[in-house]
Structure formats: C-alpha cells, structure tokens
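Structure first, then comments.
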Amino acid sequence: MVQSERAKMADGEWYTCLDDDLGALRGVAADAVFEHNTLPPRRRGNLGPALRTLLGGVGEGARIEAPFHCAYGFNIFLGAGTFLNAGCTILDTAPVRLGKGTLLGPSVQIYCAEHHKEAAGRQAGLEIAKPVTIGDNAWIGGSAVILGGVSIGEGAGAVVTRDVAAHTTVVGNPARVVRRG
C-alpha cells in the first residue's frame, strides 16, 4: 500500500511538501494564524480561537503573542504557562513539545523540516521532519534558531555576554566559543 505524504512526514521518512493534501492542511493553519494575528488583543486573549483548536495540545495559561506563524499547528504542544513572544515561527512538520513554564523570546524560529541535500531532491520538494522538544522552565532568547532533531533540557538557557567574532559559533550560559571559521 502506498503511504500518503502526511503519513511519511509523521513517520520521519522523506516526503514531498508539494503534496496537495499537505497544502490544504497548511491552508487551514494559515487561516487560524491569520485570525490569531489580526484579532484585537483583548478579544484574542492568550490564543485565537481557531489556533487554540488547531494546536495539538495547550496547557492552562499558555500564551502566544502576535504575530505568530506555524506550518500545520497540529504538531505543536504547549505546556501550562508556556509563553511565545512576538514574531515566533514554528515550522511543525514534526512534533514540537514546549514544556510548562517555557519562555520563547521574540522572533524565535523552530524548523523541523530538513531539505534534501541534492538539488534535484529540493526541486522535487523532498523534506524529512525531525521533532523538537524543549523541557520545562527553559528560556530561549530572542532570534534563536532551533533545528529539527534537537532536545533542550529543563531550565536550559543561553546568554551572550561578550562580542562574537564573525564566523564563530557560541553556546552555553554564558555563551562560549565552540567553533571559529
């Protein structure tokens, strides 16, 4: 039996994102996100109604500031008291689980999709989805980018307290150089 592209995506296999069924699901998410982002804040509350219904799970008191963007929504699970600041994007081709009390700063990006390494594969829309898990009470600073397959433990955080040279990777709290060039 031929597996659907959505089933391949859910199983962590290579799938084509150009599939009509996946496109329709992204359309549903786009409508929910549009409602969330355009409702007056006092009417929206913590989450727009359509977005709340779409998400895979929402703990008590979880809040997403507008603007927000997600690919599908149904793969996002928010713990109680989780807060996503303005401008966050979650491309949830795989499950994204944010623990209770976790804080995402402005413009944090979470990308579960990994594109094919070969140009022909990318042109065919081939992707593979890898989950992201962030534990309870973690803090992800503004503009951080988290790629698929990453798990961040409870209470984790990182702070850059000094200048970072060009072409340098830093990690930790406070951040330290792990790679140059």
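Contact record, Leu39 with Pro49: CD1-CD, 3.7 Å, taken as the closest heavy-atom pair.
Residues Leu22 and Glu5 form a side-chain contact, since some pair of their non-hydrogen atoms from C-beta on lies under 4.5 Å apart. Looking at heavy atoms from C-beta onward, Glu127 lies in side-chain contact with Tyr15 at the 4.5 angstrom threshold. The side-chain heavy atoms of Asp19 and Met9, taken from C-beta on, include no pair separated by under 4.5 Å. Contact of the Val96 side chain with the Asn75 side chain is not registered, since no non-hydrogen atoms from C-beta on lie closer than 4.5 Å. Considering only heavy atoms from C-beta on, Ile140 stays 4.5 Å or farther from Ile110 through its side chain.
The closest donor-acceptor contact from the side chain of His36 to the backbone of Ile64 lies under 3.5 Å. Judged purely by atom type and a 3.5 angstrom limit, Arg26 uses its side chain to pair as donor or acceptor with the backbone of Cys17. Between the side chain of Asp92 and the backbone N or O of Gly73, at least one donor-acceptor pair lies under 3.5 Å. Looking only at distances, a side-chain donor or acceptor of Thr82 sits under 3.5 Å from a matching main-chain atom of Gly99. Under the 3.5 Å distance criterion, the side-chain polar atoms of Asn85 are left unmatched by any main-chain donor or acceptor of Glu65. Although no hydrogens or angles enter the test, the distance criterion places a donor-acceptor pair under 3.5 Å between the side chain of Arg122 and the main chain of His116.
When hydrophobic clusters are built by joining Ile, Leu, Val, Met, Phe, Trp and Tyr residues whose side-chain heavy atoms come closer than 4.5 Å, directly or via intermediates, Leu91 is not grouped with Leu55. With hydrophobic clusters built from ILVMFWY side chains whose heavy atoms lie under 4.5 angstrom apart, Leu54 does not share a cluster with Phe77. In the hydrophobic clustering of ILVMFWY residues, with side-chain heavy atoms under 4.5 Å counting as a link, Leu98 and Phe68 come out together.
The local environment of CZ in Phe34 is sparse, with at most 12 non-hydrogen atoms from other residues, nucleotides or ligands closer than 6.0 Å.
Between atom CG of residue Leu84 and atom CD1 of residue Ile90 there is a gap of 5.0 Å, rounded to the nearest 0.5 Å.
Between Thr89 and Gln109, the side chains place a donor N or O and an acceptor N or O closer than 3.5 Å (distance only, hydrogens not considered).
Cation-pi geometry between Arg6 and Phe74 is met: the NZ or CZ atom falls under 6.0 Å from the ring centre, inside 45° of the normal.
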Original post:
Can you check side chain to side chain contact (heavy atoms under 4.5 Å, CB included) on Cys70 and Ile76, steps first, answer last?
Top reply: CA-CA 9 Å; Cys70 66; Ile76 300 172; 3.7 Å; yes
